[in-house]
There are 2 protein chains.
Amino acid sequence: MGRRGRVAPSQRVRMADVAEAAGVSRATVSRVLSHDPAVVEATAAVVREAIERLGYRPNRAAQALMGASRTLGVIFGEPPDRASALLLRGINEAATSKGYALTVAIATDAGGEELRRGLNTMVEQSAAAVMVLPATRLNADVLAAADVPFPIISTTDLGPGSPCSVAALDELGAVDAVVGHLQEIGRNRILHIGARHETLVSQFRRGGWQARVDEADLFEMADEWSARGGYEALHRAVARGARPDAVFAASDEMALGAMSAAGELGLRVPEDLAVAGFGGLPVTEFYGPGLTTVATAPQERGALAFEECMRRLSEPDSPPAHRLLEGELVMRPSTVPAGGSPGVSGL
Amino acid sequence: MGRRGRVAPSQRVRMADVAEAAGVSRATVSRVLSHDPAVVEATAAVVREAIERLGYRPNRAAQALMGASRTLGVIFGEPPDRASALLLRGINEAATSKGYALTVAIATDAGGEELRRGLNTMVEQSAAAVMVLPATRLNADVLAAADVPFPIISTTDLGPGSPCSVAALDELGAVDAVVGHLQEIGRNRILHIGARHETLVSQFRRGGWQARVDEADLFEMADEWSARGGYEALHRAVARGARPDAVFAASDEMALGAMSAAGELGLRVPEDLAVAGFGGLPVTEFYGPGLTTVATAPQERGALAFEECMRRLSEPDSPPAHRLLEGELVMRPSTVPAGGSPGVSGL
DNA sequence: CTGTTAGCGCTTTCAA
DNA sequence: TTGAAAGCGCTAACAG
């Protein structure tokens, strides 16, 4: 057959097949699929039966070509840790239940080039909205300047003036709770171990600590956002003469490394050195004697971000919202000796 | 405008806009985009300039409607741990560089219902191929029976006879290396702590251990795949009279919990109780005295899975391949006292 | 080497 | 309440 522009039709069951099987037109099948109340129940039942029998699945690409797409984008800017996996899970659960599919991209570079590419991918995929976990300030600027046809929801606080919605942890409040706790138990030489100074979370954690602490010699930059980074940082700080009575590490893993270094330095935790981290996944109960930390609810953050997507989509003209989730201080023996009363307290 | 079937054209720059700006036809733009050598360089340059200037991004939905789609699916069946995040990163890196976008779904239930839904999502998204991390045997059966228009690549070993390609860790070999190591250092009462018996990885780890160990009283089922699970399991095992001289835990976190329990029971690690885990992320260096484990290279596994996708796509008629990655035994003080010679040895 | 044109699978007017 | 037909943005077959 020499017809021009001929394209091999796919093997897949199409709407036309369903229509034929049900003895109706394609338009009617389409209406049944979108729960159009105009279709009389008897007809709808026949159509649904045919859909079921033939195993018909609509082609999203064709749907997206017409109107609103049912795809949401997720761009990861955080390191590939467990929290990011949980965040994805939170988003997925909510999205699946509402019939949305998820497309992902990863953008961990500081410069924003990967983020730009990620956003382009989302445009190409006709995403209806995109959730982003921007890593750095530059990334945040890329978001603000992005020329994209969908709303952006950031799961890191971008501060006021950003055109993006925010569904994030109240970082400053959470840090304040940990550092405040260390001060309440009588520590006044609180060393902060940070890393990757260019990232937004690093800046938040350091900023929250700075707001409560004066001594400039009590900051130590770790090489990496990891246990080894925390381990080496504490060793370095002590070697250069810092004499902390507490450590606030920017991540739980760094805190774990710091506790290991403390052991080598002959410092007892918590008697000589109270140690607190940030993150709060269940495993931290077994970090050292049990690590004091802040639970950051990544899964809830994901659900919140999705909710904000839906809100922006249903009220296209509403301004971007700024929704913050409270962290939860978890007190454990690394700051409160077993004799004390460890436990959990809301902020 | 009373034209029938009217649909609001999108605001986005379309191929037609580029064509007009460049003074060529849409077909030529399309050819430039797909690097068709038939287009003379001068024309191509003009087109590329117009694309750049207008900020044109092709609409994937429209592309997918025609021929091969540039979307790959990833279905997670593993718990949301760091390894799964790394696996995604490995896939993403390879996929991005080849111009593929990624769609994700999550299917962690044992029954396979979520997996079926996930596969449906991938059909709807016109995925060209799908990578799956199936959790359970039932999930594997769903995969085998799936009626889908794309090749499936499993990142868990499905054994022979499966219609899916496999790009996975050599689980049995890796377990054999750990348990063999424990035997080589003279341990012969090796307790295995497992969990979630319905999952394939649990079965592999238990099977590998069983192949080397006789005593039936040396298996203890943990409630969860976590540090707390390992902690409680060791306590239970000792309480019921098991007298292990070593522990092989099915995950690093369970091993961490077991070491904590060992401390409470007055057992020194490794003198009284050697402890080994499974997973091998860097943080395990700071689990207890340093945890012996197996590195499972999740990122490499992701890259391998992607490679296998490409192979299946370029050779549609070739049979599914079975590609296994070797684990790497990492010996640390939890089995080899500091006096010994800890280090890394390939399998 | 480039343009014309048909049609991918779907939704949406408009008419009946 | 349902059907006919147009067209979403793109690719590919064919003609020139």
Side-chain angles (χ1 to χ4, degrees), chain A residues 1-20 22-47 51 54 56-71 123-126 149, chain B residues 1-20 22-47 50-51 54 56-71 123-126 128 149:
Chain A
M1 25 166 128
R3 282 239 291 319
R4 301 157 129 264
R6 188 101 208 99
V7 171
S10 76
Q11 315 288 32
R12 284 177 52 186
V13 178
R14 285 151 315 174
M15 190 176 271
D17 301 320
V18 175
E20 190 182 9
V24 299
S25 73
R26 275 151 50 215
T28 299
V29 177
S30 177
R31 290 188 186 105
V32 171
L33 245 38
S34 55
H35 302 106
D36 186 332
V39 181
V40 80
E41 178 49 32
T43 315
V46 176
V47 172
I51 288 175
L54 300 182
Y56 168 72
R57 289 91 130 211
N59 181 330
R60 297 260 184 177
Q63 290 182 321
L65 211 45
M66 289 301 297
S69 109
R70 283 292 216 171
T71 296
V123 175
E124 293 179 2
Q125 299 281 345
S126 325
Chain B
M1 270 232 181
R3 287 242 289 316
R4 303 153 129 267
R6 189 105 206 93
V7 171
S10 77
Q11 315 287 35
R12 286 179 49 186
V13 178
R14 286 151 314 174
M15 188 175 274
D17 301 320
V18 175
E20 189 182 9
V24 299
S25 72
R26 275 151 46 213
T28 300
V29 178
S30 176
R31 290 189 186 104
V32 171
L33 246 37
S34 55
H35 300 106
D36 187 332
V39 181
V40 78
E41 178 50 30
T43 314
V46 176
V47 171
I51 288 175
L54 301 182
Y56 169 72
R57 288 93 128 209
N59 181 330
R60 297 260 184 177
Q63 290 181 322
L65 212 44
M66 289 300 299
S69 110
R70 283 291 215 169
T71 296
V123 174
E124 295 178 2
Q125 299 280 347
S126 327

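Proteins come first, then strands; the chains are lettered A, B, ... in the order of their sequence lines, and each starts at number 1. Bear in mind the structure is a predicted one, so any value in this text is a computation, not a measurement.
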For A:Val123 against A:Pro149, the heavy-atom pair lying closest together
CG2-CD, 3.9 Å
Closest approach of B:Asp17 to B:Leu54 (non-hydrogen atoms, all atoms of both residues):
O-CD1, 3.8 Å
A:Val24 side chain reached by A:Thr43 side chain, heavy atoms, under 4.5 Å:
yes
Looking only at D:dC10, C:dG3, D:dT2, the nucleotide nearest the A:Thr28 side chain is D:dT2
Just how far, in rounded Å, is P of C:dG3 from CD of B:Glu20?
13 Å
Inter-residue atom distance A:Arg12.CZ - B:Ser126.OG, 0.5 Å rounding:
5.5 Å
Examine distances only and state if a side-chain atom of A:Arg60 and a backbone atom of A:Thr71 form a donor-acceptor pair shorter than 3.5 Å.
no
Using heavy atoms to find the nearest nucleotide of DNA chain C for A:Met15 and B:Gly23 separately, return the residue whose nucleotide is more 5′.
B:Gly23
Distance check needed: C:dT11 P versus A:His35 NE2, whole Å only.
12 Å
Starting the side chain at C-beta, find the nucleotide from D:dC10, D:dT1, C:dT4 nearest to B:Ser25.
C:dT4
Between P on C:dG9 and CG on B:Asn59, what's the gap in Å once rounded to a whole number?
16 Å
Heavy-atom donor-acceptor pair, A:Arg31 side-chain to D:dG3 base, under 3.5 Å:
yes
Rounded to the Å, how far apart are B:Glu124 CD and C:dC10 P?
10 Å
If you compare every side-chain N and O of B:Arg26 against the phosphate oxygens of D:dC10 (OP1, OP2), does one of them come in below 4.0 Å?
no
Whole angstrom is fine here: how far is it from CE in B:Met66 over to C1' in D:dG7?
15 Å
Any A:Gln63 side-chain N or O less than 4.0 Å from OP1/OP2 of C:dC10
no
Looking only at heavy atoms, the pair that brings A:Pro58 and A:Leu33 closest together is CB-CD2, 4.5 Å
If I take atom CG in residue A:Leu65 and atom P in nucleotide C:dC8, what distance separates them, rounded to the nearest angstrom?
13 Å
Please work out if B:Ser34 contacts a base, only the sugar-phosphate, or nothing of the nucleic acid, heavy-atom cut-off 4.0 Å.
nothing
Look at B:Ser30 and D:dA12 and indicate whether a side-chain polar atom (N or O) is within less than 4.0 Å of OP1 or OP2.
no
Residue pairs fulfilling side chain to side chain donor-acceptor pair (under 3.5 Å) with at least one residue in residues 22-40 of chain A, sequence neighbours excluded
A:Ser25-A:Thr28
Just the rounded figure in Å: distance from P of D:dG9 to OH of B:Tyr56.
10 Å
Quantify the bending of the helix from C:dC1-D:dG16 to C:dA16-D:dT1 as the angle between its end axes, each fitted on five pairs, to 10°.
30°
Rounded to the nearest Å, what distance is computed from the CG atom of residue A:Asp36 to the C1' atom of nucleotide D:dG3?
14 Å
